[in-house]
Trainee: 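One structure coming up, written as structure tokens, with questions to follow.
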Amino acid sequence: MRRLRDRLAGALLSALALTLTATGCAGSSEASSGAGSGAAAHSAAEPVANRVEPLGKSPEPRLPVTVRSADGERVTVERAGRIVPLSGSLSEIVFTLGLGDRVVARDVTATFEQAAKLPVVTRGHDVSAESVLSLRPDLVLAETSSGPEEAVDQIRAAGVPVLFVEAAKGLDDVGPRIGAVADALGVPAAGKELTRRSEQRIEAVRADVPHGQEPRVAFLYLRGSASVYLIGGEDSGAGSLIEAAGAVDAGAASGLDKDFTAITSEALVKAAPDAILVMSKGLESVGGVDGLVEIPGVAQTPAGMDRRIVSVEDGVLLNYGPRTDQVLKSVVAQLYGEDGDR
């Protein structure tokens with residue numbers, strides 16, 4: 001039951017990270033073309049690098065190890081020569097630990113350069129047990145929201161160790177998730193080093209956040225091709241990122257206690273965001289900033305009037321992996337301007 005609840009809670013968050021290939025979208029810079037002065041402002045920040053930065057020296061796994069999986073099972077890992085991570089964030093962790101040469105497949109959300117050519121074994125939340133098993137993995141890394149449960153059970157029944165890692169909900173999850181993966185791969189020292197590096201870089205960005213402004217930021221999930229327009233609430237997963245940027249989560253502050261709620265003019269007016277946070281391909285799917293402000297209620301908000309839009313690449317915005325400092329830096333730069341004078 002716990003895995004089912006986690007799958008339901010995490011399904012939308014995983015979908016948020018998917019590339020909206022059906023819309024034929026390009027990157028965030030293209031999303032802003034022809035979109036007016038607000039678009040120029042939101043695209044000015046340096047984008048998150050499309051590569052991960054591995055630790056200086058590739059560690060050698062010391063195996064076997066037995067670790068506790070987030071689903072309560074004890075998992076023994078005897079070999080780690082062929083690893084299949086079932087989310088983009090978990091792939092990012094393995095590659096950044098310096099073990100990317102051992103990864104033999106990827107989830108559709110693993111869009112960074114080093115993983116791009118690997119075969120895809122999932123589509124959204126649907127894991128293909130047959131595709132995974134055909135690659136003869138030594139270890140499968142999964143989120144607590146990964147599924148369907150039958151596919152994961154089939155992989156385990158074939159004798160393949162499956163380690164579940166708690167799904168990311170905020171900045172505080174970066175270190176524990178790195179540690180869980182590193183321990184399972186028999187490289188705990190590398191995990192501690194990467195955790196230190198990641199947390200230090202995040203804190204360095206937070207130290208440069210302008211003080212005293214506290215803009216209200218609403219996180220919107222947009223998928224124009226499917227006419228899906230949602231505003232994030234208390235459990236959207238974006239709250240801690242918004243707060244780390246020195247801002248207020250406008251959806252949560254307006255009383256939205258669920259993960260996402262359908263956008264209405266009333267909800268937007270009550271949230272009264274000074275800025276809107278979106279995924280770049282979601283912004284592209286509605287026609288850029290010009291299309292966004294045509295969604296009922298957006299133009300009546302301070303954010304819509306000022307065309308103050310913050311966009312981050314889909315594959316990293318809510319990953320809470322080793323590139324989280326870059327995500328936060330991009331959000332801060334777009335929210336306040338390069339000189340903090342927005």
Side-chain angles (χ1 to χ4, degrees), residues 17 19 27 46-65 67 77-122 135 137-143 161 163 165-168 171-206 241 312-330:
T19 301
E46 182 178 344
V48 177
N50 194 38
R51 293 179 58 84
V52 298
E53 181 188 346
L55 295 174
K57 183 179 180 181
S58 297
E60 186 62 35
R62 300 185 65 177
L63 300 171
V65 297
V67 293
V77 181
E78 298 182 352
R79 297 176 301 279
R82 300 179 64 82
I83 306 167
V84 175
L86 296 181
S87 78
S89 180
L90 295 177
S91 293
E92 186 175 320
I93 292 171
V94 177
F95 272 84
T96 312
L97 285 169
L99 300 176
D101 59 341
R102 298 165 181 259
V103 178
V104 296
R106 69 180 178 93
D107 170 67
V108 69
T109 63
T111 57
F112 57 92
E113 185 177 312
Q114 294 101 316
K117 294 183 179 180
L118 291 170
V120 176
V121 293
T122 63
L135 295 167
D138 297 321
L139 174 66
V140 171
L141 299 171
E143 307 269 358
L163 178 83
V165 179
E166 290 287 355
L171 287 171
D172 290 343
D173 296 323
V174 174
R177 285 164 57 83
I178 291 172
V181 172
D183 289 349
L185 294 177
V187 291
K192 291 182 174 63
E193 180 182 352
L194 181 55
T195 295
R196 282 194 301 270
R197 190 185 84 175
S198 300
E199 292 179 345
Q200 287 171 357
R201 290 181 176 183
I202 290 170
E203 288 308 309
V205 177
R206 296 182 74 162
L241 185 67
V312 178
E313 289 83 352
D314 303 46
V316 294
L317 178 58
L318 298 180
N319 257 5
Y320 294 114
R323 287 186 290 171
T324 298
D325 64 298
Q326 296 181 45
V327 174
L328 180 58
K329 184 177 181 180
S330 180

Trainee: To the closest 0.5 Å, what do you measure between CG (D314) and CG (N319)?
Mentor: 10.5 Å
Trainee: Can you tell if the side chain of V65 reaches within under 4.5 Å of the side chain of D183, non-hydrogen atoms only?
Mentor: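 They are not in contact (no side-chain heavy atoms under 4.5 Å apart), so the answer is no.
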Trainee: Can you list everything that forms a salt bridge (charged side-chain N to carboxylate O under 4.0 Å, His left out) with R197? Sequence neighbours excluded, please.
Mentor: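 Per chain and number, R197 pairs via salt bridge (charged side-chain N to carboxylate O under 4.0 Å, His left out) with E53.
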Trainee: For a quick test of reading the model, state the closest non-hydrogen atom pair linking S58 to G98 and the distance between them.
Mentor: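 Taking every non-hydrogen atom into account, OG-O, 3.1 Å.
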Trainee: Looking only at heavy atoms, what is the nearest atom pair of Y320 and L241, with distance?
Mentor: OH-CB, 3.6 Å
Trainee: For the atom pair CG (L97) and CD (E193), what is the distance rounded to the nearest 0.5 Å?
Mentor: 9.5 Å
Trainee: Closest heavy-atom contact between L118 and A105?
Mentor: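 Answer, listing the atom of L118 first, then A105: CD1-O, 3.9 Å.
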Trainee: Mind running side-chain contact (heavy atoms from CB on, under 4.5 Å) on L90 and E143 for me, showing each step along the way?
Mentor: CA-CA 8 Å; L90 295 177; E143 307 269 358; 3.7 Å; yes
Trainee: Does CG belonging to D101 count more than 12 external heavy atoms closer than 6.0 Å?
Mentor: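 Enclosed.
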Trainee: Got a donor-acceptor contact below 3.5 angstrom from the R79 side chain to the D138 backbone?
Mentor: no
Trainee: So do the side chains of S89 and R177 get within less than 4.5 Å of each other, counting heavy atoms only?
Mentor: yes
Trainee: Using the salt bridge (charged side-chain N to carboxylate O under 4.0 Å, His left out) criterion, which residues pair with R51? Sequence neighbours excluded.
Mentor: E113
Trainee: If you take all heavy atoms of T122 and V120, which pair is closest and at what distance?
Mentor: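 Of all heavy-atom pairs spanning T122 and V120, the closest is O-CG1, 2.9 Å.
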Trainee: Would you give the length of the straight line joining atom CG of L317 to atom OG of S330, rounded to the nearest 0.5 angstrom?
Mentor: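 So the gap between those two atoms works out to 9.0 Å.
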Trainee: Of all the heavy-atom pairs spanning E78 and P64, show the shortest one and how long it is.
Mentor: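 In terms of heavy atoms, the two residues are closest at CA-CB, 3.9 Å.
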Trainee: For L185, run the side chain to side chain contact (heavy atoms under 4.5 Å, CB included) check against L63, I93, V77, V94 and tell me which one passes.
Mentor: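 Single side chain to side chain contact (heavy atoms under 4.5 Å, CB included) partner of L185 among L63, I93, V77, V94: V94.
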Trainee: For the atom pair CG (D107) and CG (L141), what is the distance rounded to the nearest 0.5 Å?
Mentor: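 Going from CG on D107 over to CG on L141, the span is 12.0 Å.
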Trainee: Looking only at non-hydrogen atoms, find the nearest pair between P59 and L99 and report the distance.
Mentor: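 Where P59 meets L99 most closely, the heavy atoms are O-CD2, 3.5 Å.
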Trainee: Under 4.5 Å between any side-chain heavy atoms of L194 and P322, yes or no?
Mentor: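 L194 vs P322: side chains touch.
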Trainee: Please confirm whether the backbone N or O of A49 pairs with a side-chain atom of Q326, one donor and one acceptor, at under 3.5 Å?
Mentor: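 Checking the backbone N and O of A49 against the side chain of Q326, a donor-acceptor pair under 3.5 Å is found.
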Trainee: Could you list the residues that satisfy salt bridge (charged side-chain N to carboxylate O under 4.0 Å, His left out) with R196, not counting sequence neighbours?
Mentor: none
Trainee: Does a side-chain N-to-carboxylate-O contact under 4.0 Å join E199 and R206?
Mentor: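 Not counted as a salt bridge, because no side-chain N and carboxylate O are separated by less than 4.0 Å.
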Trainee: Look at the side chain of R82 and the backbone N and O of L135, then say whether any donor-acceptor pair between them is shorter than 3.5 Å.
Mentor: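 Confirmed, R82 side chain pairs with L135 backbone.
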Trainee: If only atom types and distance count, is the side chain of E92 paired as donor or acceptor with the main-chain N or O of R323 below 3.5 Å?
Mentor: yes
Trainee: Rounded to the nearest 0.5 Å, what separates atom CD in Q114 from atom OG1 in T96?
Mentor: 7.5 Å
Trainee: Could you state the interatomic distance from OG1 (T111) to CZ (R106), rounded to the nearest 0.5 Å?
Mentor: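 That separation rounds to 7.5 Å.
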